[in-house]
Undergrad: 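Got a structure for you, written out below as structure tokens; questions coming shortly.
Within every chain, numbering begins at 1; the chains are lettered A, B, ... in the order of the sequence lines, protein sequences first and strands thereafter. The analysis underlying the following values was restricted to heavy atoms, covering all of them including side chains, and did not include hydrogens, waters or symmetry mates.
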Amino acid sequence: MNSDVITGSLLSVPVLAFILGVTAARLKADLRLPDAVYQATAMYLLLAIGLKGGVALRDADPAEVASPIVLSIVLGLLIPVAAFFALRVMTRLNSVDRGAMAAHYGSTSLVTFTAALVFLDTLGVAYEGYVVTLLAIIEVPGILVGLLLAGKAASGAKTSEVLREVVTGRSVLLLAGGVVIGVLSGPIGFERVEPFFGSLFTGVLTLFLLEMGVLTGRRLGDLRTAGWGVVLFAIVFPVAAGAVGVASALAIGMTQGGSMVLGVLCASASYIAAPAAVRLALPSANPGITLTTSLGITFPFNLIIGIPLYWWMAQELAGVFT
Amino acid sequence: MNSDVITGSLLSVPVLAFILGVTAARLKADLRLPDAVYQATAMYLLLAIGLKGGVALRDADPAEVASPIVLSIVLGLLIPVAAFFALRVMTRLNSVDRGAMAAHYGSTSLVTFTAALVFLDTLGVAYEGYVVTLLAIIEVPGILVGLLLAGKAASGAKTSEVLREVVTGRSVLLLAGGVVIGVLSGPIGFERVEPFFGSLFTGVLTLFLLEMGVLTGRRLGDLRTAGWGVVLFAIVFPVAAGAVGVASALAIGMTQGGSMVLGVLCASASYIAAPAAVRLALPSANPGITLTTSLGITFPFNLIIGIPLYWWMAQELAGVFT
Amino acid sequence: MNSDVITGSLLSVPVLAFILGVTAARLKADLRLPDAVYQATAMYLLLAIGLKGGVALRDADPAEVASPIVLSIVLGLLIPVAAFFALRVMTRLNSVDRGAMAAHYGSTSLVTFTAALVFLDTLGVAYEGYVVTLLAIIEVPGILVGLLLAGKAASGAKTSEVLREVVTGRSVLLLAGGVVIGVLSGPIGFERVEPFFGSLFTGVLTLFLLEMGVLTGRRLGDLRTAGWGVVLFAIVFPVAAGAVGVASALAIGMTQGGSMVLGVLCASASYIAAPAAVRLALPSANPGITLTTSLGITFPFNLIIGIPLYWWMAQELAGVFT
Amino acid sequence: MTALTPITCITIVAESVLESRLLGDLETAGARGWTITAARGHGPRGRRVSEIEGGNIRVEVLVSEAVAERIWQVLEDKYFPHYAIAAWSSEVGVVRAGRYTAVPTE
Amino acid sequence: MTALTPITCITIVAESVLESRLLGDLETAGARGWTITAARGHGPRGRRVSEIEGGNIRVEVLVSEAVAERIWQVLEDKYFPHYAIAAWSSEVGVVRAGRYTAVPTE
Amino acid sequence: MTALTPITCITIVAESVLESRLLGDLETAGARGWTITAARGHGPRGRRVSEIEGGNIRVEVLVSEAVAERIWQVLEDKYFPHYAIAAWSSEVGVVRAGRYTAVPTE
Ligand SMILES: Nc1ncnc2c1ncn2[C@@H]1O[C@H](COP(=O)(O)O)[C@@H](O)[C@H]1O
Ligand SMILES: Nc1ncnc2c1ncn2[C@@H]1O[C@H](COP(=O)(O)O)[C@@H](O)[C@H]1O
Ligand SMILES: Nc1ncnc2c1ncn2[C@@H]1O[C@H](COP(=O)(O)O)[C@@H](O)[C@H]1O
Ligand code: NA
Ligand code: NA
Ligand code: NA
């Protein structure tokens, strides 16, 4: 793996802002964005990613898009099952907590995905524009499978109710809405909003990662209570899922860049959509464990090590499939 | 009417974001911006429009500006009177509700105006820079005339008190302040803030229209209760007022672009300044009717159909006046 | 002093926005940004300044940076002492209030500093990139010396507690964090966030100054109660401290631009970090006096007159030291 | 044992467009202070213009009995008939009651 | 002298992810209105998922005694065992009590 | 019929710069939880530094009588003389009172 790539990723402004946030949280200093601004920033990122994806999707051959979509659904269904059983082997969590974890690791992380795109853009590597569509697709099934695996969720909200909340939730609507707008308005329409949704993107991501850093930093203190098996899972499972994602994407003929992105989608764990859904449907699951692992371990691991790692995998494995 | 123009307007990113907002509201999903961000976005739009208008106004010949200003005052006084009597013919509303409606349709809508400028900029059509001044001028008299027409507003706030609130309200101060700053600092001063107040404009407008879409979508459900006469008024009256605005602007020698903008000012109904003023001064007026028509019908009508329509009028009528 | 320079500064968009804010406050109109947006804007300015400073610092020769840093610490310790004794001569304030004032005038004002950089950038004048480091350094000691001078602060928070709050407060962490990120990521890393943290800077500053104008305008009414000695101090002391800053910076070989900036750091009074620290540690000090002078007098004085004045000093005195 | 003086706390939830009018009326009625938080809500009267203008405000005002009586009066006269408003009163205890009661409470 | 009718005000502080469920349950229990403010807090149960999702909501609901009883019931059944929630009840006085009490309070 | 235990709710409105100190003192006094909302206000003491720093905070804290007494004590000793603060106490009813009262309310 080229050391320049790692340094370039590690020393990028957004990743350093994340580290600043973690540091501030450890110093008990308050660098959080005001809540209203944090929410608006998240909406901006979702809409911007959707728009850019839609503009790219417009030129894609429908036939070409079909197999990656099918692959994403399959992975979205299998990964939570794998997580559920891996946790049975590696930890002593009960089945509700394992279902909750499966929902988190079966879904995906917008910010990790975004950081991966910024990483590829910086390297000048091309990837399929429709990967955003895959993001929107892979977000939902993992959560549902996780909830189902947890089984009877006594006195929590009904799964159908939760499904409705996830599908008409902000993330899915803004992403999907952005994609549709991008497809309809095309490159010429997008040009007029490019200074806002395009040029500012990495800067806004920097602010967002500063905030994520603070949240992560606060979680780090809870690591002790999580147990070694869980910590190990939070690193080993993403690498395995990421490898599967990269390899299968290469196998169906996606580009190296696109395969790396699908790897990131598989490897990353949700810490926004899944926690809310799980909280509603599985109130007896312990959010301490799920959030600490997804936000406290897997997220920084992917951001700093995972992203260059999956890119290295994509390059190495590319030879195998061609 | 050139179909490219309609498509270009309908498929622009801001208009599509508006439609996304409406859709989300119908799905009962929450895509509203946090309130603080919404307020800040509105302040940004007002200041940015004011600044750009002021920079343009600096080069305008004072003699040239005089007659459009007089025309705007005249229209600002006549349109609410016309609305008041049109409503007597078309609906069974009582005089307080008709006065409230007159205040809304006599005033104007910042966002519709803004969308019209973006529309003209996209087409590359020139218009007088001082139209912003006309926006600031036309906003106030319509509200006052409406309140006066409603007559004795038992136990509401005094008209003078309301006048003070409107004139020293955010919209007027930011617009007028922006114009003055623009005039004083000129193109060289503006250049340094152009990346913020200029390039980002359409993007910020996109976020704002997403929010307006949600608010509009929520109002749509109330349409049934409004009555057909009111619905008809909300479409027919703007078209008539817009035609009068376009024609009279051409008659006094404004450009086609500028005449279309004046038409938009006449055609659009206020849903920010007027509702607040009417609520204070005419508490017994039903905000359900006024907001549903101005925000739920007239606003989307103008945004999607009206803007290209008034532009078509300006082109067709231009021949008549030259 | 070249009159173009003064006009250029006075008629710049940010300064005019400040004046708009003051005017609005006098009209009792509410042009404040929503609190969440104001906080976020302040965070943006701190991070952006830190980043740009860090990128510039990266290329600086460590030997070259040493003496300005030492000078800043010395000035940061001496200026509050000078303020404390000047106030004894000029006013009848008790020692707690004088200590509070010393803390304000010993610390510095981010926004004045920022406006000074924008002023120099507009003129195309070069200055040392590491001046941001000096900003971060000079912010803290002045506050501490002021608190110590006030002596026994019965029943307020302990000085050590306050020190901790100041050092791990937002301002210092974001500035210092930004500098470190800038140094590590360098010009190539910064380039990717330049459209956000660079191009938008003056525009965001404009919004911020609008808000500061409102706060200043509200304070103006309290001027009567402050007493003439205090008002005089709020103008004379900054000029003297500014002259000392400019002269000593030139003496140790800083550029004219950099010397002017150090002058601004000495001349400006804190109205964010110091008020909070003083409120905690010296509850019996009267915030009416300290805020009215620092925000109501010294801030607008520096913004409008001081900045061109210190630049004039730097040019005039440059001859003396070479 | 700290001795608490009984005093009336009136909580008023109103459309935010009414803010300056309402605070003016509270002051006229004799209130010497108030605390405002931003709120939103739902009530039997239904949707209002404030949806666009920023929701409701929730005002708490600690007052003497006499002032409380005047506040209820002004609410009944000028607000309840026209505006979306909810208001309730409760007895609370304070120290330094004089801070809250402009005219003594006897 | 304005005559105030006694009525129950229940204040509920809950994780914000629960908002739509909780309001639905309040409505089912018979509440005709409520007021919500954004809150954050600390309690014996400790950290929750809401830190990411936007803190707590603080709901005030004015209801008749019968409805209050049903609300406590639903809180005990569906919320207290699982979620980070604090709730308290106080007696307040209102005019126009009928606005708040769907079913008469007798 | 749900049995409610009476408990004390103290509401404190304070300048936001005081937040961390005040919460620390509440904890020391024995409070096991609190709820904070952002507020602004007006009082007899007039303008304060918080205008720049983000207004007031409004803290509600449910505690036993003994803890309430200690909180009043610390407010009178360390806050009332120096800072812009309003505070009031009311009797409310809760279930699961043990959650709010660190030391039993004997
Ligand atoms: N029963 C209630 N409990 C608490 N707040 C209420 C209640 N009814 C109304 N409100 C508040 O009062 C406002 C106005 O009510 P309304 O006039 O019915 O629209 C609502 O938006 C709520 O914030
Ligand atoms: N003693 C208390 N006084 C006031 N609010 C409380 C108290 N205990 C808990 N809360 C609120 O209830 C929420 C949930 O508490 P918990 O379930 O203990 O995490 C907290 O975040 C606080 O907002
Ligand atoms: N009578 C009152 N009713 C409600 N809140 C009050 C009252 N007096 C003061 N406050 C609150 O306490 C804060 C501090 O008051 P003061 O110390 O007088 O500035 C104010 O900003 C208000 O939020
Ligand atoms: Na995943
Ligand atoms: Na109009
Ligand atoms: Na200074």
Undergrad: Go through F:Trp34 and F:Glu60 one step at a time and tell me if the side chain to side chain contact (heavy atoms under 4.5 Å, CB included) criterion holds.
TA: CA-CA 6 Å; F:Trp34 48 76; F:Glu60 267 164 320; over 6 Å; no
Undergrad: So is F:Arg32 actually on top of F:Tyr100's ring, under 6.0 Å and inside 45° of the axis?
TA: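 That pair does not qualify as a cation-pi contact.
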Undergrad: Give, as side chain, backbone, both or neither, the part of D:Glu91 having an atom under 4.5 angstrom from any heavy atom of chain F.
TA: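 Contact with chain F is through the backbone of D:Glu91 alone.
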Undergrad: Please tell me if the side chains of D:Ile7 and D:Val92 come closer than 4.5 Å, counting only heavy atoms from C-beta onward.
TA: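 D:Ile7 reaches D:Val92 side chain to side chain.
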Undergrad: Which bit of D:Leu62 comes within less than 4.5 Å of chain F, counting heavy atoms only: side chain, backbone, both or neither?
TA: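 Just the side chain, heavy atoms under 4.5 Å.
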Undergrad: Taking the side chain as C-beta and beyond, is there a heavy-atom pair between D:Ile12 and D:Arg58 under 4.5 Å?
TA: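 Not in contact.
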Undergrad: Name the option with the most non-hydrogen atom pairs under 4.5 Å to chain D; the candidates are F:Thr37, F:Thr11, F:Val13, F:Ile10.
TA: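 The option with the most such pairs is F:Val13.
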Undergrad: Examine whether an atom of D:Thr35 lies under 4.5 Å from a heavy atom of chain F, and if so say whether it belongs to the side chain, the backbone or both; otherwise answer neither.
TA: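 Interface part for D:Thr35: both.
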Undergrad: Measure distances from F:Ala68 to the heavy atoms of chain D and classify the residue's part below 4.5 Å as side chain, backbone, both or neither.
TA: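 Contact with chain D: none, neither part.
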Undergrad: Would F:Arg21 count as a cation-pi partner of F:Tyr79, with NZ or CZ less than 6.0 Å from the six-membered ring centre and within 45° of the ring normal?
TA: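 Positive - F:Arg21 is close enough to the ring of F:Tyr79 and near enough to its axis.
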